[in-house]
Amino acid sequence: MCGQGRRASAAEDRGRFGGTMASDMATRRLRKELMAIKRNPIDNIVATPMDNNILEWHYVITGTKGSPYEGGHYHGKLKFPPEYPMKPPSVMMMTPNGRFACSRRLCLSMSDFHPESWNPMWSVSTILMGLYSFMLDNAATLGSVTSSTAQKKRFATESLEVNCKNPAFRKLFPDLVELHERRKSEAIAHRREVDASASAGSATSGAGLTTAVAAAAAAAAGGGAPSGGKAGSGASAGGGGRAAGGGGGAGTGAPGAAGGECFCWVSVAVAMGVCGAAYVLATVE
């Protein structure tokens, strides 16, 4: 009776986790491994099966500090055969990473490329720890790619945004989706603060420039009045000279006008120089 109960439970699991594809042995083994992972999580790695197929697991590896993958979140999947654990799974990584090609079966000693080297004692945990260890290495294999450290770091920065476009990732790893949304909100808020600070700085610089222009204009106006007076005196004297029929008066008026014009141009140049200096200071600030 108990045996029949266990068989019925396994049959129910097969129906819930992928129809008749998973054998009793595979279903029991993978359920056991899932419970083990929940009790003792793997460092920097999370893994869980699809709700409707226990033979398909999805994982996320978080890049460790000091590595080119630091801060990255690398989503991939394991596809187990119905004969698991007697046969190995296929291993794929779906997030661009600079080490492995995306969505391509990887040739690893613990993958379906090498059934001859597979050990039935290996588990989801050992497979994923081995995968990350190989990811940190530079050895070539079928499915590996080469890239610079800078490219790997760029992929790490972009990884969560890329992952959140994947429906399976969003469904299975909601905490990471929440992390991505929180980071986006923080980045937007920071950007707004920077823009507001820049706008305030521009307003201050603009006020300083206006003050400088006003000061320069006042300086030009103050210097122009005496010059104009001199020019006028010269002109009057010149006029008087002409009225008297003497050439000397006219000659006296001409220098006065020239001196006034020269002084006005100097004042304009000074004003332009002050404005230019104020503009440079505003730009530097």
Side-chain angles (χ1 to χ4, degrees), residues 30 33-34 36-50 56-80 88-114 122-191:
L30 289 170
E33 291 188 29
L34 178 60
I37 289 174
K38 289 181 177 180
R39 286 194 303 268
N40 299 297
I42 315 167
D43 289 343
N44 306 306
I45 301 173
V46 292
T48 188
M50 294 291 289
E56 181 177 321
W57 283 54
H58 288 246
Y59 65 84
V60 177
I61 296 175
T62 300
T64 49
K65 188 174 181 179
S67 73
Y69 311 103
E70 180 177 350
H73 299 273
Y74 303 96
H75 172 216
K77 61 184 175 181
L78 308 175
K79 287 189 173 182
F80 294 91
S90 62
V91 181
M92 288 172 278
M93 189 169 288
M94 292 141 82
T95 306
N97 55 86
R99 178 69 174 100
F100 302 122
C102 294
S103 303
R104 181 175 177 179
R105 289 166 55 232
L106 303 177
C107 179
L108 307 169
S109 60
M110 65 279 196
S111 74
D112 58 350
F113 270 89
H114 292 286
W122 290 342
S123 64
V124 172
S125 296
T126 54
I127 292 168
L128 293 177
M129 287 189 291
L131 172 62
Y132 187 52
S133 177
F134 191 71
M135 186 175 178
L136 293 173
D137 196 4
N138 293 319
T141 188
L142 187 63
S144 66
V145 297
T146 57
S147 65
S148 66
T149 299
Q151 288 174 313
K152 290 182 175 70
K153 289 182 177 180
R154 179 172 60 82
F155 285 135
T157 301
E158 299 170 350
S159 59
L160 263 186
E161 183 175 358
V162 172
N163 292 336
C164 286
K165 297 175 182 177
N166 185 299
F169 179 90
R170 297 187 67 88
K171 182 177 181 179
L172 296 173
F173 307 105
D175 53 331
L176 292 176
V177 175
E178 182 181 350
L179 173 63
H180 175 58
E181 296 299 330
R182 186 167 65 251
R183 286 180 178 176
K184 279 177 60 178
S185 298
E186 291 172 353
I188 291 172
H190 176 69
R191 184 61 189 171

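Note that the structure is a prediction, hence the values are computed from the model and not measured. In this chain, residues are counted from 1 in sequence order.
Note that CE of Met135 is 6.0 Å distant from CD1 of Ile61, once rounded to the nearest 0.5 Å. Between His114 atom NE2 and Leu108 atom CG the span is 8.0 Å, to the nearest 0.5 Å. Of the inter-residue distances, the one linking Glu161 atom CD with His180 atom NE2 reads 5.0 Å to the nearest 0.5 angstrom. Atom NE2 of His190 and atom OG of Ser185 lie 14.5 Å apart (nearest 0.5 Å). If you take NZ on Lys77 and OG on Ser90, they are separated by 8.0 Å, rounding to the nearest 0.5 Å.
Thr141 places a side-chain N or O within 3.5 Å of a backbone atom of Cys107 that can act as its donor or acceptor partner. In this structure, Thr95 contributes its side chain and His75 its backbone to a donor-acceptor pair below 3.5 Å. Counting only distance, with no hydrogens or angles, the side chain of Ser148 and the backbone of Gln151 share a donor-acceptor pair below 3.5 Å. One N or O on the side chain of Glu70 and one on the backbone of Gly66 form a donor-acceptor pair closer than 3.5 Å. Panel note: side chain Tyr69, backbone Tyr132; no donor-acceptor pair is recorded below 3.5 Å. Between the side chain of Arg99 and the backbone N or O of Phe134, at least one donor-acceptor pair lies under 3.5 Å. In terms of modelled atom types and a separation under 3.5 Å, the side chain of Lys152 and the main chain of Ser147 share a donor-acceptor contact.
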Inset, instruction - Before giving the answer on side chain to side chain contact (heavy atoms under 4.5 Å, CB included), spell out for Phe80 and Val124 the whole-Å C-alpha distance, their side-chain angles and the decisive distance to 0.1 Å. - result: CA-CA 10 Å; Phe80 294 91; Val124 172; 3.5 Å; yes

Inset, instruction - Could you check Ile188 against Arg191 for side chain to side chain contact (heavy atoms under 4.5 Å, CB included), going step by step and ending with a plain yes or no? - result: CA-CA 5 Å; Ile188 291 172; Arg191 184 61 189 171; 5.7 Å; no

Inset, instruction - Check step by step if side chain to side chain contact (heavy atoms under 4.5 Å, CB included) holds for Leu142 and Arg105. - result: CA-CA 8 Å; Leu142 187 63; Arg105 289 166 55 232; over 6 Å; no

Inset, instruction - Could you walk me through whether Leu128 and Leu78 pass the side chain to side chain contact (heavy atoms under 4.5 Å, CB included) test, one step at a time? - result: CA-CA 9 Å; Leu128 293 177; Leu78 308 175; 4.0 Å; yes

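Within the 4.5 Å cutoff, the side chain of Leu30 has heavy atoms near those of the Trp57 side chain. Annotation: side chain of Leu131 is in contact with side chain of Met110 (closest heavy-atom distance under 4.5 Å). You'll find the side chain of Met93 reaches within 4.5 Å of the side chain of Tyr59, heavy atoms only. Side-chain contact between Lys79 and Met92: present, with at least one pair of heavy atoms (C-beta onward) separated by less than 4.5 Å. In this structure, the side chains of Ser125 and Ile37 come closer than 4.5 Å at one or more pairs of heavy atoms. At a threshold of 4.5 Å between non-hydrogen side-chain atoms, the residues Pro89 and Ile127 count as touching. Between Leu176 and Phe169 the shortest side-chain heavy-atom distance falls below 4.5 Å.
Within a 6.0 Å sphere centred on CG of Asp43, heavy atoms belonging to other residues, nucleotides or ligands number 12 at most. By the 6.0 Å contact criterion, CD on Glu181 is enclosed, its count of non-hydrogen atoms from other residues, nucleotides or ligands being greater than 12.
The shortest heavy-atom contact between Ser111 and Val91 is CB-CG2, 4.0 Å. Scanning all heavy atoms of the two residues, the minimum distance from Asn166 to Ala168 falls at OD1-N, 2.9 Å. Residues Pro88 and Asp112 approach most closely at CG-CA, 3.7 Å, considering heavy atoms. A pairwise comparison of heavy atoms in Ser159 and His73 identifies OG-N, 2.9 Å as the closest pair. Across every non-hydrogen atom of Met94 and Cys102, the tightest pair is O-SG, 3.8 Å. The two atoms that bring Leu106 and Gly143 nearest to each other are CD2-O, 3.7 Å, heavy atoms only.
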